[in-house]
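Here's the structure, in structure tokens; my notes come after.
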Amino acid sequence: MEYSSKAIEQQWQEYWKQNRSFEPSEDFTKPKKYILSMFPFPSGRLHMGHVRNYTLSDAFARYYRQQNFNVLHPIGFDSFGMPAENAAIKNGSHPKGWTYDNIDYMKNEFYSLGFSFSRERELATSDELYTKFEQGFIIDMFEKGLLYRKKGLLNWCPHDQTVLANEQVVDGCCWRCDTPIVKKDMNQYYFKITQYGDELLADLSKLEEGWPKQVLTMQENWIGKSNGLAFDLFFDDASLGRLHNTFKSFDVFTTRPDTIYGVSYTALAPEHEIVTYMIENSLLSEDVIAQIKHMKTTSSIERQKEKAGISLGLDVIHPLTGKKVPVWIANFVLMDYGSGAVMAVPAHDERDFDFAKKYDLPLHTVIKPFEGESNGACAFTEVGELINSERFDGLNSKDAQAKIIEYFEEQNIGTKTTNYKLKDWGVSRQRYWGAPIPFIHCESCGIVMEKKENLPIALPEDVEITGEGNPLDNHPTWKHCSCPACGKDAVRETDTMDTFVESSWYFLRFCASPQNWEKEAFSKEQIKYWMGVDHYIGGIEHAILHLLYARFFTKVFRDLGYIEFDEPFERLLTQGMVLKDGAKMSKSKGNTVDPDALIEKYGADTARLFILFAAPPTQELEWNDSAVEGAYKFIKRFYDRSSNIVKTDKIPSIAHAKLGKDEKFARTKVYEALVRANDVYSERYTFNTMIAGVMEAMNALNAQSNPEVWTEAYWVLTSIMEPVIPHVCWQISSENFSLANFTSQQVLEEVFEVESIRLGVSINGKRRSEIEVGIEESNENIIAMAKESTAKWLEGKTIVKEIVVPKKLVNIVIKG
RNA sequence: GCGGAUGUGGUGAAAUUGGUAUACACGCCAGACUUAGGAUCUGGUGCCGCAAGGUGUGGAGGUUCAAGUCCUCUCAUCCGCACCA
């Protein structure tokens, strides 16, 4: 029968659906595997990145099913978010309709690719049932003090009219639309992720086995822990007077307390409260105020171009020397790190040095290199020996740091402090299409939690999405309610949550049996069985945000008593991008490949085979149309040659010794492929070499015609290939093996036993000839044969050494 | 600037522990079959060379009997972070 991808694929997709083939068992005594790909945003259609992502997880899922594991391989949609609203503004569609239409379309695409998802556990995070439990968690976290509201400077995207988290600001621009962000002072809710900063950092060590190093490093840098000294700088009397005694001091942080005697000025961020006070109380000239205002409004990119500052005409007292130190405003001091103020040591810090040069501020050298001299043309930022530092002279930097911190603590003028770059996670969004924050503002009671039995607080459907303002706030009735505590008229919170909240616990929801979905988010027993995720597969672009938030939620849920483990994802596989013509596929570049068209022309199996064969998963994948054609031809041949199979429901038993050379070789190749395949899933993930092994086996099989050898080979090879090209393998297997071969395959060691072996012969490491020797041949004989085969190279030379590497090669070392 | 990765034929890429470099595939070349081929099958294909042979894993050194693999330096490309005090 001629290979027809369409007929075969449709038939098996229907079969899998009818037979509920991929639903996990509820028998928790079985060994399990939880295979998860990062779920998609329902943007409308699948792109090749999705196809690669889910092909990988599907291969894992199918492999482990064959190995008799109970496999959970779910799919859902991360379906809240701005694009739905943007589409609404652009096309007048309703976000909900747009979202669920897209989900329906993409689901069909998924199943046309043959992905073995649990259909019964499909979910969308915009489902009211999902929102219901999420709002419950939010209430729990608020009550635990892990969610709080404060006014703060927020990143505001003027284009999307929304607040962005720090992580969503890339190079000073919106991560979605690239518009430069501006700072805006607003109330919003924050998760106290910083409370878990230390644990999030420390537990990275638990992930060293299973996560790529790159991701661990990125998270480590993001958390950005640094140790140092925090202390107060007190104003002198004149400055105190100018400030009307409102501020006596300000706080600074340094990681280099050993340079403290080198302080020659201090600098405040333009947003610092002392600066604000001085502006508000007209303590600065109009001109200076204008300069500060300008500084505050320049973007972070602008600020990085050149250092700029203004002297405030204030002085503080150096805590150790008692000398006066001038106070400046500097554009390079960040308000949201440390205390927004720094001590400046221009002799030993590049930034301070640049600034001092520009404004002609003095340098005090207090660190001498261990060897040689520093040249003074730039800051000496290395560690060294302390000089000009009174009682600390002669100490090395490291000892001095400890001693100086100790001294500050003894004198009660400073404290050993740890700072983090990590900031609390702002989750408020002034948007419609998100999960409403289930809080109520009551004039008498303040912020009041909604009662859990009233959840979910669902979105109103009758909204107008114009792109201006907050649709929930603008809705005529939605926000009006009565206070759950006192019953008076009150208003609902109109902010919705960042969509990263939904993706921070969806992997837990999948563990819940669908029949319990109405009554609980998940159960401890089910979580205990299914978690952690054995293989988590997704793009490197989620290395920080999603993965850090999901880790944070896991730890919070643990502390709330919902679950009993620390880390959600045991192994993480970050796939590379799909490229065409050397560039990332994108509509604007016009270099996209449409999955639907590919399936239509060649079938899902071809798409899957190409994707897994063309490159290892972590590398970039260069699209190549003729290589796709090649994958199609292989599948066609694979199906055609299955006519050599003799129907059976068990693997043939073959007397290996009686076979001819080509037959033996073919069997060896088949079992080699099996050995390779088993490696792939446990650590190497190199599906490309697994497939190459199967191709080699096919080439070897073609050189012989023994029906038993063919039959055995297909029994094994269709099992190996089922995770990659499932449809055609199920077809071949059902025609010949009654699907009995999709199970763990035994490696037959006997096929690897050979009587003779070929050895390379090298002279001084250069390969000169090849010999065939018996497996038991003595080294003496092997060397004799090697010499004979390379006689012309040895003529007139002295042999210095002879090396035999068993089963590999012979090396003869000569001179003369 | 800091951190991470990658560099192998015309192309995508192989090479468990240092042990026959280029598996597998694409492309290309030749041949067979054919009215025809963008089908199928067979063979060839790192580079230079008629050949013998030489040469070859970004570059330069080093360790070793032996280096794509280990060490030192260096170049290029990509990614992440980036005034974090």
Side-chain angles (χ1 to χ4, degrees), chain A residues 170-171 212-218 220-222 224-226 228-230 252-256 259 266-267 300 303-307 330-334 336-345 349-352 354-355 381 419-423 540-541 543-544 576-577 579 609-610 613-616 618-631 633-634 636-637 640 675-676 679 683-684 686 688-699 702 758-771 792 800-814:
Chain A
V170 180
D171 291 329
K213 210 185 155 194
Q214 190 194 5
V215 176
L216 296 174
T217 312
M218 284 165 77
E220 194 183 321
N221 293 341
W222 190 262
K225 181 177 181 173
S226 57
L229 171 71
V252 295
F253 172 75
T254 180
T255 54
R256 290 293 302 272
T259 65
T266 65
S300 56
R303 281 199 197 184
Q304 283 185 42
K305 282 187 186 154
E306 198 183 350
K307 302 228 173 340
N331 67 346
F332 69 88
V333 180
L334 306 174
D336 53 7
Y337 181 75
S339 58
V342 297
M343 66 173 217
V345 185
D349 183 284
E350 279 178 42
R351 298 156 300 183
D352 300 345
D354 293 346
F355 191 83
T381 59
N419 254 320
Y420 296 89
K421 286 196 223 175
L422 181 69
K423 297 186 187 65
I540 187 78
E541 67 272 19
I544 298 171
M577 284 192 306
L579 307 180
L609 179 62
F610 169 76
F613 181 58
T618 53
Q619 260 178 58
E620 289 175 341
L621 174 74
E622 177 67 37
W623 198 264
N624 179 329
D625 288 331
S626 47
V628 173
E629 184 87 33
K633 285 180 192 169
F634 172 80
K636 216 172 143 203
R637 267 199 306 279
D640 290 345
V675 170
R676 277 203 210 183
D679 277 359
E683 45 191 311
R684 288 163 51 79
T686 45
N688 53 331
T689 58
M690 176 184 98
I691 294 163
V694 172
M695 289 174 169
E696 280 181 59
M698 285 300 290
N699 292 343
N702 278 331
R758 298 164 98 81
L759 300 182
V761 181
S762 307
I763 308 293
N764 289 350
K766 271 183 193 168
R767 187 174 181 277
R768 293 301 183 189
S769 71
E770 192 175 83
I771 53 175
K792 70 174 181 177
V800 181
K801 206 169 180 182
E802 293 144 347
I803 296 143
V804 179
V805 183
K807 295 179 186 173
K808 297 279 182 185
L809 54 75
V810 183
N811 192 16
I812 299 170
V813 186
I814 59 171

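Here the P atom of nucleotide A23(B) and the CD atom of E696(A) are 9 Å apart, to the nearest Å.
Taking atom C1' on both nucleotides, G7(B) is separated from U57(B) by 9 Å, rounded to a whole Å. Remark: the separation of the C1' atoms in U69(B) and G1(B) is 31 Å, to the nearest Å. Separating the C1' atom of G46(B) from that of U11(B) is a span of 13 Å, rounded to the nearest Å. For the C1' atoms, the distance from G27(B) to U20(B) is 27 Å, rounded to whole Å. With C1' as the reference atom, G59(B) and U8(B) are 14 Å apart, rounded to whole Å. Taking atom P in both U40(B) and A23(B), one finds a spacing of 22 Å when rounded to whole Å. Taking atom P on both nucleotides, C71(B) is separated from G19(B) by 15 Å, rounded to a whole Å. Separating the P atom of U22(B) from that of G44(B) is a span of 15 Å, rounded to the nearest Å.
Look at G27(B): its glycosidic torsion is beyond 90° from 0, and that puts it in the anti range.
Each of E622(A) and E350(A) has a nearest nucleotide on RNA chain B; the 5'-most of these lies closest to E350(A). Each of N221(A) and K807(A) lies near RNA chain B, and the nucleotide nearest N221(A) is the one positioned closer to the 5' end.
Each of A21(B), G80(B), C26(B) was ranked by its minimum atom distance to the side chain of N624(A); first place goes to C26(B). Closest to the side chain of V333(A), from the set G19(B), A14(B), A85(B), is A85(B). The side chain of W222(A) sits closest to C81(B) out of G19(B), A13(B), C81(B). Side-chain proximity of A614(A) to the nucleotides A13(B), U55(B), G12(B) is greatest for G12(B). Side-chain proximity of A615(A) to the nucleotides G54(B), A85(B), A13(B) is greatest for A13(B). The nucleotide whose nearest atom lies closest to any side-chain atom of L809(A) is, among G19(B), A25(B), A13(B), G19(B). The side chain of A692(A) sits closest to A23(B) out of A85(B), A23(B), G3(B). Looking at the side chain of Q214(A), the nearest of the listed nucleotides C24(B), A14(B), C79(B) is C79(B). Counting only heavy atoms from C-beta on, S626(A) has its side chain closest to G27(B) among C24(B), A15(B), G27(B).
Residue R637(A) has no polar side-chain atom (N or O) positioned under 4.0 Å from OP1 or OP2 of A39(B). The shortest distance between the side-chain N/O atoms of R684(A) and the OP1/OP2 oxygens of A15(B) is below 4.0 Å. Between K633(A) and U40(B) there is a side-chain polar atom (N or O) within less than 4.0 angstrom of OP1 or OP2. Under 4.0 angstrom from either OP1 or OP2 of U6(B) there lies no side-chain N or O belonging to Q619(A).
In this structure, Y420(A) reaches neither bases nor backbone, as no heavy-atom distance under 4.0 Å exists between it and the strands shown. In this structure, R758(A) reaches the bases: a heavy-atom distance under 4.0 Å links it to at least one base atom across the strands shown. Using a 4.0 Å heavy-atom criterion, one finds that E802(A) contacts no nucleic acid atom at all. Among the protein residues, N699(A) comes within range of the sugar-phosphate backbone only, with heavy atoms under 4.0 Å from sugar or phosphate atoms but none that close to a base.
Secondary-structure annotation of RNA chain B gives the stems B:1-7 with B:75-81, B:10-12 with B:24-26, B:27-32 with B:40-45, B:46-48 with B:53-55, B:58-62 with B:70-74, with a stem taken as at least 3 successive Watson-Crick or G-U pairs whose two distances both fall under 3.5 Å.
Residues satisfying the ring pair (Phe, Tyr, Trp, His ring centres under 6.0 Å) criterion with F332(A), sequence neighbours excluded, are F355(A). Under the ring pair (Phe, Tyr, Trp, His ring centres under 6.0 Å) criterion, F610(A) pairs with W623(A), not counting sequence neighbours. Qualifying ring pair (Phe, Tyr, Trp, His ring centres under 6.0 Å) partners for Y420(A), counting only residues two or more places apart in sequence or in other chains: none. Under the side chain to side chain contact (heavy atoms under 4.5 Å, CB included) criterion, R768(A) pairs with I763(A), K766(A), T790(A), W793(A), sequence neighbours left out.
Here R676(A) pairs with E696(A) in a salt bridge; the nearest charged N to carboxylate O distance falls below 4.0 Å.
Counting heavy atoms from C-beta outward, N331(A) and K307(A) have side chains that approach closer than 4.5 Å.
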*Would you mind building the protein contact string for nucleotides 60-72 of chain B? One character per nucleotide, 5' to 3', B for base within reach (heavy atoms under 4.0 Å), S for sugar-phosphate only, - for untouched.*
-----BS------

